[in-house]
Structures are given as C-alpha cells and as structure tokens.
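The structure appears below as structure tokens.
Bear in mind the structure is a predicted one, so any value in this text is a computation, not a measurement. To find a chain, count down the sequence lines: A is the first, B the second, and so on, and within it residues start at 1. What you see below is based on every heavy atom in this structure, not just the backbone, and it leaves out hydrogens, waters and symmetry mates.
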Amino acid sequence: MSEVRVRFAPSPTGYLHIGGARTAIFNYLYARHHNGKFILRIEDTDIERSSKEYTRAILRSMQWLGLDWDEGPYFQSQRFDIYNKYLKKLLENKTGYRCWCSPEELSDFKNSLREKKLKFKKKYIEETNLHWLSERENIYPVVIVETPLEGTITYKDIVKGNITFSAKDLNDFIIWRSNDTPIYNFVVVVDDSDMGITHVIRGDDHISNTPKQIIIYNALKLELPYFAHIPMILGPDKKRLSKRHGATSVEAYKQQGYLPEALFNYLVRLGWSYGDQEIFSKDELVGKFDLDNVGKSAAIFNPEKLLWLNAEYIKSSHHARLFDEIIDRIPEEERSKLRSDSNFFKLIGLVKIRSRTLRELYENLKFYFEPYPNEYDSKGVRKFFSKKTLYEALRALYKKLDVMIHFNEENLENAFNEIATEYNVKLRDLAQSVRLAITGKTVSPGIFEIIELLGKLRTMRKLQYAIQWIEKHITFE
RNA sequence: GUCCCCGUCGUCUAGAUAGGUCUAGGACACGGGCCUUUCACGCCCGUAACAGGGGUUCAAAUCCCCUCGGGGACGCCA
C-alpha cells in the first residue's frame with residue numbers, strides 16, 4: 001500500500017472538545033504507527049459560524065496534547081477555486097443540477113414527499129411541474145447532487161464492517177449554496193481526494209454521510225479512501241456529550257490541572273484497548289495503536305477514571321516537570337526563589353502522591369511559601385484549636401522547639417512525644433493541631449517531614465501566629 | 001416516522017477473527033482490612049456483567065434469527 005495519509009478536520013465553530021480530540025488522537029496515532037502523514041484541515045466553509053479565535057484555540061489545544069501535524073493547517077475558505085473546478089465537472093457530467101428554489105419551497109416540497117414516503121429526488125421535481133430546473137427571476141440557484149432511484153451503496157468500514165444503504169432512502173442533497181459557497185459533503189470529498197487522504201477516520205455520526213460522499217466520489221471519478229467510523233463519546237445519561245455534562249473542551253481540562261498525557265491516555269483507552277493495559281506512554285501508543293482493536297460501541301465518558309489516570313501521571317512525573325506545570329499559579333515574586341530551593345522540590349515529592357490534579361498539587365504546596373494560612377479549616381479548629389489542653393501543649397511545644405538546635409525529624413518526634421506525655425494528650429491530636437497551625441488544613445504529608453523542610457524560622461512564625469490566633473478567637477470553657 | 005449503527009460488571013474494557021482452557025479476566029468507582037501522627041500512596045480481600053427469547057452444535061459470551069433497549073443521521077451545519 002502507498003503511504004498512509006490521514007487528516008483531522010475540525011470546524012472552527014467552538015473549542016476543541018473531548019470527542020474531537022479523540023478523533024484527532026486516533027488519526028494521529030494511526031499516521032504515526034504506519035509512518036504516514038497527519039494532515040490538519042480547518043473546515044470553515046460556513047463563514048457565518050466560523051471564527052479565527054476558535055481556530056487558534058483548536059490549534060493551541062492540539063499542540064498542548066502533543067498532536068503535531070505534518071501538513072496544514074489548510075483552510076477550506078481559501079480553496080474555493082478548487083471546489084469551483086470540481087463543481088464544473090459535476091455539472092458537466094450531469095450528476096449535479098441547478099435548482100432555482102427558495103429554502104421554504106424546498107422544505108415544503110420535502111414535507112409533501114415525506115407524507116408520500118418518498119425522498120427528495122430530481123425526478124419528482126420534474127413530475128410535479130415545479131419549474132425549478134430552469135432560471136427564475138429573483139432566485140439564486142443551489143446545486144444539488146442527484147442520487148439514484150434504486151440500487152444500493154455498500155462500503156466496508158474498517159471498524160464497523162459492511163454497511164449498506166438503499167439509494168431510495170437518500171435525498172438528493174445540496175452541495176452548493178445559493179450564496180455561491182460550497183457545502184460540507186462536497187468539500188470533504190474534494191479535499192480528501194485532492195490531499196491524497198487514504199483513510200478517513202472520523203466519528204460514527206458521519207456514517208450516514210458516507211453514501212452521499214461515495215456518490216460524489218463516483219460522480220467525480222475519484223478513488224475512494226478507506227473509511228473508519230469510530231464510536232462517539234456519550235455523557236452519563238447516554239446522550240451525546242455536551243456542555244450540560246460539565247467540562248467538554250480540552251482547554252477546560254488544562255485549566256483544571258490535567259496533564260496532557262493523562263487526557264491523551266484516557267481518551268485513547270476510551271474505545272480502544274490493548275489487552276488489560278491501562279497506562280501507555282505516547283511512544284508505546286504509536287507502536288501499539290491500530291484500528292483493529294477499536295471497539296464498535298459508544299463509550300460513556302467517566303471523569304472519575306480520568307482523575308485517577310491524572311493522579312497516576314502526577315505521581316510518576318519528575319518534580320521539575322511538576323514545578324514547571326504549576327509555575328503560573330505561584331505568585332511571581334516567589335518563583336525564582338522556589339526554583340532553586342531543594343526543600344521545595346522535596347515537598348513536591350511528598351505532596352504529589354496526594355494530588356489528583358495540578359490544582360490540588362498547588363493547593364497542597366502553597367503553605368510552604370505563604371507566611372501563614374489564609375484561614376484554618378473550621379472542622380479542624382473545632383477539634384484541635386478549641387481544647388485547652390491542646391492549646392497548652394501547643395504553647396509548651398513552641399517553647400521546646402524554640403530552644404531546639406537541630407530541627408530534624410528525629411528530634412522533632414522526640415519533642416512531640418515528650419510534650420504529649422507531659423500534657424497527657426494523644427500524639428495524633430498534638431500532631432493535628434500543629435498541622436492545622438502550619439498548613440491551615442487537617443491533611444498534609446507527615447508533620448515531622450514538613451516541619452523539617454519548612455525550617456525553624458518559618459515553622460516558629462506559623463506556630464506563633466496560630467497561638468495568637470487561638471488566643472484571639474477561642475474562649476475555652 | 002424512515003434509514004443506519006450498537007448491546008459483557010454502575011463505567012472503560014479482555015473475550016472476536018480460530019465455539020470448549022470463561023465456575024467470564026483487568027481497570028475506575030464502591031465496600032472491608034493491613035500500614036499509619038492526619039490524608040493519601042502502597043498492599044490484601046470483596047460486591048458486581050454475557051439485554052431477552054429462539055435456533056445451530058456433543059459444546060455458545062463467542063455463529064444465525066427475532067424481540068427489546070440505546071445511540072446517530074435525515075439542514076442552503078460540519
């Protein structure tokens with residue numbers, strides 16, 4: 001077989017969404033696996049709804065996901081010359097015809113045909129004496145492709161197998177608007193052919209477009225590509241995934257703190273599998289991905305599993321990489337200091353196993369450079385700041401730490417234990433009140449570990465602040 | 001309504017192509033336990049599915065048919 005050439009062809013009428021991203025990924029992987037070319041084409045023939053802003057956003061999302069393309073982006077809006085050339089051909093060989101009818105007339109006619117269980121065909125225009133086939137005043141013509149009255153159109157889908165349509169079930173369809181611009185079904189065929197696309201890999205919502213496109217291929221005497229229709233992604237209610245199911249754009253997942261590899265991995269595994277394996281590097285995917293293990297049925301998007309995968313990727317990421325990923329969230333004045341602070345990088349290591357997103361990672365990290373917590377967890381305050389003995393223990397601990405010279409885990413642990421015994425409090429309760437004092441939360445890495453990393457100065461400052469806070473806000477019974 | 005596609009645990013799936021090795025495997029989630037200064041991580045255990053009905057066959061999740069269910073398409077959108 002000659003070189004594999006595939007394409008991803010989004011229309012810039014919105015951000016790149018999860019479904020589109022998966023289609024792009026499948027195309028990308030198929031190209032890379034077969035040493036072929038991955039082409040990007042922007043389908044902006046609907047000038048009204050397309051925008052430059054969305055185009056930029058789509059490219060940005062693709063780059064973020066690591067979907068680098070080999071050719072393009074081509075813009076259909078710049079290729080009207082080519083479409084005109086093929087349009088001429090279609091008109092010349094009479095598979096396309098001009099129709100002088102208004103949108104209203106056309107839709108009324110289709111409705112009346114529907115009542116008779118008939119499809120819209122040129123033959124019925126003629127039989128009904130509509131006079132739409134020759135010029136009329138004040139009406140701009142559309143160009144319509146004529147579909148056969150009988151027979152079948154069959155093609156072999158790489159993922160779904162043989163699919164057959166009856167010609168009698170097909171409407172003749174418009175391929176050129178009365179405002180002199182071409183329509184989707186026509187331009188895809190022309191472009192895919194012109195760009196030498198060998199495999200059309202797209203969502204299975206395009207299955208019913210395929211017979212129409214095959215008719216155009218045949219009419220234009222163009223070679224047919226292979227078709228592979230991949231199942232769609234559904235929401236939890238089994239409806240087509242949309243905004244009401246929550247975040248659907250790639251951009252949104254980026255903002256929420258997902259790693260591109262995690263999203264990529266999750267999306268490939270949705271509808272494709274390789275035995276029991278769940279986690280794949282991109283190189284592995286390039287080696288293993290092929291269309292034959294793509295499933296036939298629609299998949300429900302499961303945010304929980306994506307979250308799990310993201311956590312897995314965060315856990316196995318290098319600290320430096322994670323630092324780079326969250327740097328935008330860190331206050332500017334802290335960035336360079338932290339970059340060369342080896343304790344901060346150690347802390348990243350402690351915190352990353354309890355962070356499922358980069359956002360969480362940042363939240364778990366920020367106590368390190370913030371002088372004291374913005375607020376204390378209210379439940380924690382009730383349990384650990386509101387007991388007199390714990391408060392007294394905390395004060396005693398403060399004094400003990402104040403004279404401690406080597407601020408290491410071992411010494412800290414001894415000090416905590418001594419105070420706990422002395423004041424007859426549980427070590428865990430003392431640890432919790434210190435944790436709350438330092439991080440503002442009841443959850444963090446090991447208390448001795450973080451104190452050691454934080455160092456004496458910053459620890460004492462936070463403890464002092466907490467003690468004062470308690471004195472100011474709490475009245476013991 | 002018409003046409004097309006799909007149907008294994010709640011979810012993603014292994015199982016197909018070569019019907020027996022499937023008392024149906026893995027993963028997420030969920031439940032329990034261990035570890036433990038909190039929360040995680042990690043480890044161990046558990047709950048849970050072949051949509052239904054007919055065939056074919058010594059034998060069917062795997063092949064055939066029907067029913068039911070879900071989705072998609074029927075635009076001068078892509």
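Across all strands, A:N209 comes closer than 4.0 Å to base atoms (heavy-atom distances). At the heavy-atom level, A:S102 lies under 4.0 Å from base atoms of the strands shown. Residue A:F448 is classed as a base contact, given a heavy-atom separation below 4.0 Å to a base. Heavy atoms of A:C99 sit nowhere under 4.0 angstrom from any nucleic acid atom. Note on A:I163: only backbone sugar-phosphate atoms sit closer than 4.0 angstrom, heavy atoms only; bases stay farther off. Residue-level contact check: A:T181 touches neither bases nor backbone, having no heavy atom under 4.0 Å from any strand.
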Restricting to nitrogen or oxygen on both sides, can you table the protein-nucleotides 11-13 of chain B pairs closer than 3.5 Å?
residue : atom : partner : partner atom : Å
B:rC12  : OP1  : A:I300  : N            : 3.0
B:rC12  : O2'  : A:R269  : O            : 3.2
B:rC12  : O2   : A:K305  : NZ           : 3.4
B:rU13  : OP1  : A:G271  : N            : 2.5
B:rU13  : O3'  : A:S273  : OG           : 3.1

Restricting to nitrogen or oxygen on both sides, can you table the protein-nucleotides 19-21 of chain B pairs closer than 3.5 Å?
none

Under 3.5 Å, which protein N or O atoms sit close to an N or O of nucleotides 39-46 of chain B? Give each pair with its distance.
residue : atom : partner : partner atom : Å
B:rC39  : O2   : A:R354  : NH1          : 2.7
B:rC39  : N3   : A:R354  : NH1          : 2.4
B:rA40  : O2'  : A:I353  : O            : 2.8
B:rC41  : O3'  : A:K315  : NZ           : 3.1
B:rG42  : OP1  : A:K315  : NZ           : 3.2

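A cation-pi contact, defined as under 6.0 Å to the ring centre and within 45° of the axis, links A:R458 to A:Y368.
Residue pairs meeting the salt bridge (charged side-chain N to carboxylate O under 4.0 Å, His left out) criterion with at least one member in residues 351-365 of chain A, sequence neighbours excluded, are A:R356-A:E360, A:E363-A:K366. Residue pairs satisfying the salt bridge (charged side-chain N to carboxylate O under 4.0 Å, His left out) criterion with at least one member in residues 230-241 of chain A, sequence neighbours excluded, are listed as follows: A:D205-A:R240, A:D237-A:R244. Among residue pairs with one or both ends in residues 162-191 of chain A, those qualifying as salt bridge (charged side-chain N to carboxylate O under 4.0 Å, His left out) are A:R41-A:D191, A:R79-A:D191; sequence neighbours excluded.
Here A:S193 pairs with A:Y217, A:L222 under the side-chain contact (heavy atoms from CB on, under 4.5 Å) rule; sequence neighbours left out. The salt bridge (Lys or Arg N to Asp or Glu O under 4.0 Å) check on A:D276 picks up nothing, with sequence neighbours excluded. Applying the side-chain contact (heavy atoms from CB on, under 4.5 Å) rule to A:E375 yields no partners; only residues at least two apart in sequence or on another chain are considered.
Within a heavy-atom distance below 4.0 Å of RNA chain B, the residues of residues 107-123 of chain A found are A:K110, A:R114. Residues from residues 182-192 of chain A placing a heavy atom under 4.0 Å of any atom in RNA chain B, listed by number, are A:I183, A:Y184.
A:F416 has its ring centre less than 6.0 Å from the ring centre of A:F448. The aromatic ring centroids of A:W69 and A:F8 lie 6.0 Å or more from each other. Under the 6.0 Å cut-off for aromatic ring centres, A:Y184 and A:H206 qualify, their centroids lying closer than that. Ring centers of A:F109 and A:W132: under 6.0 Å apart, within the cut-off.
Between A:K315 and A:E312 there is a salt bridge, since a side-chain N of the basic residue sits under 4.0 Å from a carboxylate O of the acidic one. Look at A:E449 and A:K346 and you find no salt bridge, because none of the NZ, NE, NH1 or NH2 atoms lies under 4.0 Å from a carboxylate O.
Here A:K426 does not reach the OP1 or OP2 of B:rU37: none of its side-chain N or O atoms lies under 4.0 Å away. Phosphate contact (OP1/OP2 of B:rC6, side-chain N/O of A:K296, threshold under 4.0 Å): present. The side chain of A:R98 contributes no N or O atom lying less than 4.0 Å from OP1 or OP2 of B:rC76.
Atom-to-atom, CZ of A:R49 to P of B:rC76 comes out at 13 Å; the value is rounded to the nearest Å. Atom-to-atom, NE2 of A:H229 to P of B:rC3 comes out at 20 Å; the value is rounded to the nearest Å.
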For residues 295-302 of chain A, which side-chain donor-acceptor pairs fall under 3.5 Å, sequence neighbours excluded?
residue : atom : partner : partner atom : Å
A:N302  : OD1  : A:E304  : N            : 3.1

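In the interface, the side chain of A:R428 is not paired with the base of B:rU36 through any donor and acceptor atom under 3.5 Å apart.
Between A:A431 and A:V142, the residue anchored nearer the 5' end of RNA chain B, judged by the nucleotide with its closest heavy atom, is A:A431. Across the interface with RNA chain B, nearest-nucleotide mapping of A:I174 and A:I207 shows A:I207 to be the residue nearer the 5′ end.
Taking the six-membered ring for Trp and thresholds of 30 and 60 degrees, A:F385 and A:W469 have ring planes inclined between 30 and 60 degrees apart.
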